[in-house]
Amino acid sequence: RVVGEVSTRPEGNENPELPSGAIEVLVTSYDVLSTSEALPFPIDGHTDVGEERRLRYRYLDLRSAAGPGAALRTRSKVTNAARRVMERHDFLEIETPYLTRSTPEGARDFLVPVRLQPGSWYALPQSPQLFKQLLMVAGMERYYQFARCFRDEDFRADRQPEFTQLDVELSFCEQDDILALGEDLLSTIWREVLDVEIPTPFPRMTYDDAMRRYGSDKPDVRFGLELADLTALFAKTDFKVFQSEHVGAVLVPGGATDYTRKQFDAWQEWSKSRGGKGVAYVQVGADGIPAGGIAKFLREDELRGLVAATDAKPGDAVFFQSGPKRQTLEALGALRVAVAKDRGLIPEGRWEFLWVTDAPMFEATDDGGWTAVHHPFTRPRKADEAGLVDAPGEALAIAYDVVLNGSEIGGGSLRIHERDLQEKVFGVLGLSAEEAQSKFGFLLEAFKYGPPPHGGIAFGWDRILQHITGTESIRDVIAFPKTASGGDPLTGAPTPITTAQRREAGIDKQPASASSASSTGPTGAAPPNRPAAETRPDTERN
């Protein structure tokens, strides 16, 4: 702390490199408020310091004018802008519990022992899904919160064991109402924080179209390279590799001219590293006729047909995949993005928002059953309600995901609010009436008392901030993140606990019986180790 007189610097002593370079302080007194040891790395310009060390000293890493420190300041601006939008639309900010019961939501729960009830456990919420639906029953017609969610799952660049989502639910709404709200929210944030105008309404695309054209339910539409469906062309082919349920292709502009044999071989290795069997290819010569690769195995009419179907020009290459339809489309979708990156086709500084709608309600499991594509509270289209039991694979959901530049940043659905329809969906998922009552009895009980039609959406807040700040990982936009292995270098967590702590928390205590463990509440509670029904989460638990 310096006390003195602010004065203009003498002529010749100015420092234009500093904001205060035109003045100086003539010191009359000073105090040393705090001392510092030598820093473990420079505050600015420490990009060569390993992430583990930066997280160990996260409080120093955050001091930098750039990097995570700047990202947290931006995060605050984005969150404040979102709150203003929600206030403008008359939403109530309501908090839901962090200590709740374990319910099957698609990932493993983080569990918390209950000292006063040894052998019983809380679970940290994977999402506020059930509570926000109960708030609709309670007449809180427009709810939101910045919810902390917890999932015990494997780690990737865009995953953390605890994360934040902007969670929204509203009553008496249609799909268009929720999409309009999402567009207002996102366009306002981009305008106020980045000074970028995002046109609304956002384009819409059905799930089937997204998979057919792009091989992904979150397609990056900043560039072309739409997939070519060659299944009909090769329906009678003699080439055994293409005697499959689905054959598709991706155009590689200039690939025949630019790629060497070694580079084509590298694409085989790329495919195998992702669990594939390789990438078939042909090269289109100057005469417009495919050659090389698998061309020698194809008939002349097939060669002409693939050139027409892919719109290939002399000097281009064409990559192929074949096999089961869903698997092949996903492989082609990944290949399309990899080709675009390799060929420099993805434009910088461009924001392409997209709604993907009408996803399937269910998908088949390996054991012949069904699992929910989004979650079991998603509403089917009216036309599909009657056929849920007999033809679950044909039912479509009133569900919607918002995609930005190939990344899913939000998703939701209209919900089931009729008890009989909800029980029918539980039945498709293989839950008996007793199991449904045990796991979701409190929700079904609430549905006896006039629940309104309702729906919602949740936005992956960390992922949105990752886009806005241009960072590589959501770890860069979280104040104190975990490493890729789930550890916290700053505090050393997780750590073992003592024998005394285990005893006091009742961790090793077994319930007296399954029946006693399942009778702890008015609607029954499943034993803490009961296996969950398999469901796959949507972005609402992003």
Side-chain angles (χ1 to χ4, degrees), residues 70-98 125 127-149 162-202 351 353 355 399-404 408-415 417 451-469 474 477-479 538-542:
L72 290 187
R73 293 178 175 87
T74 300
R75 185 180 185 120
S76 180
K77 293 178 181 178
V78 172
T79 301
N80 287 335
R83 279 197 164 97
R84 290 193 293 273
V85 173
M86 302 310 290
E87 180 73 16
R88 188 169 72 240
H89 287 277
D90 297 323
F91 278 79
L92 302 177
E93 186 170 4
I94 303 175
E95 296 176 344
T96 54
Y98 281 175
S127 82
Q129 180 63 44
L130 298 179
F131 285 108
K132 67 178 181 177
Q133 291 192 248
L134 293 174
L135 285 171
M136 297 301 102
V137 182
M140 304 291 112
E141 294 182 5
R142 294 193 165 214
Y143 140 95
Y144 84 99
Q145 74 169 312
F146 287 92
R148 299 291 288 174
C149 304
E162 52 181 319
F163 56 93
T164 303
Q165 65 185 33
L166 172 54
D167 199 54
V168 180
E169 198 81 4
L170 60 159
S171 295
F172 307 109
C173 63
E174 300 294 339
Q175 174 176 287
D176 286 350
D177 300 318
I178 299 173
L179 269 55
L181 172 67
E183 290 167 357
D184 187 15
L185 175 79
L186 293 169
S187 62
T188 298
I189 289 171
W190 256 251
R191 180 172 58 252
E192 294 189 6
V193 177
L194 296 178
D195 196 24
V196 172
E197 287 293 337
I198 302 297
T200 59
F202 299 166
W351 306 102
F353 290 85
W355 290 107
Y400 33 83
D401 294 335
V402 59
V403 177
L404 171 60
E408 182 188 329
I409 61 171
S413 66
L414 296 190
R415 320 299 188 192
H417 67 276
H454 57 281
I457 190 169
F459 299 92
W461 216 237
D462 307 306
R463 198 172 294 177
I464 287 175
L465 265 297
Q466 183 184 349
H467 278 284
I468 289 175
T469 58
I474 64 171
V477 299
I478 298 173
D538 66 358
T539 314
E540 293 187 278
R541 303 184 306 97
N542 188 359

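Hydrogens, waters and symmetry mates play no part in the numbers below; they use all other heavy atoms, side chains included. From a predicted model like this one, the values you see are computed outputs, not experimental measurements. Here, residue 1 is the first one in the sequence, and each next residue gets the next number.
Classification of Arg415 and Glu169 as a salt-bridged pair holds, one side-chain N sitting under 4.0 Å from a carboxylate O.
More than 12 heavy atoms of other shown residues, nucleotides or ligands fall within 6.0 angstrom of atom CZ in Arg148.
Between Phe91 and Tyr144, the ring planes are perpendicular. Angles over 60° get that label, and only those under 30° would be called parallel.
Residues Trp355 and Val402 share a closest heavy-atom pair of CZ3-CB, 3.4 Å. Nearest heavy atoms, Ile178 versus Gly456: CD1-N, 3.5 Å. Pairing each heavy atom of Gly455 with each of Cys173, the nearest pair is N-SG, 3.6 Å. The two residues Asp167 and Ala458 come nearest to each other via the heavy atoms OD1-CB, 3.6 Å. Closest approach of Glu192 to Ala81, counting heavy atoms only: OE1-CB, 3.6 Å.
Side-chain contact between Pro97 and Pro128 is absent, with no heavy atoms from C-beta onward closer than 4.5 Å. By the 4.5 Å heavy-atom criterion applied to side chains, Leu186 and Phe353 are counted as neighbours. Between Ser187 and Trp351 there is no side-chain heavy-atom pair separated by less than 4.5 Å.
Here the OG1 atom belonging to Thr164 is positioned 10.0 Å from the CH2 atom belonging to Trp461, to the nearest 0.5 angstrom.
His89 pairs in a side chain to side chain contact (heavy atoms under 4.5 Å, CB included) with only one of the listed residues (Val168, Leu185, Asp184, Leu170), which is Asp184. When Leu166, Thr469, Ile189, Leu194 are each tested for a side chain to side chain contact (heavy atoms under 4.5 Å, CB included) with Val78, only one passes: Ile189. The one candidate from Lys132, Met136, Glu141 that meets the side chain to side chain contact (heavy atoms under 4.5 Å, CB included) condition with His454 is Met136.
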Open item on the list: Please determine whether salt bridge (charged side-chain N to carboxylate O under 4.0 Å, His left out) holds for the pair Arg83 and Glu93, giving the CA-CA distance in whole Å, both sets of side-chain angles, and the decisive distance to 0.1 Å.
Closed with: CA-CA 9 Å; Arg83 279 197 164 97; Glu93 186 170 4; 2.7 Å; yes

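With sequence neighbours left out, Trp190 forms a side chain to side chain donor-acceptor pair (under 3.5 Å) with no residue at all.
Side-chain atoms of Gln165 and Ser127 include no donor-acceptor pair closer than 3.5 Å.
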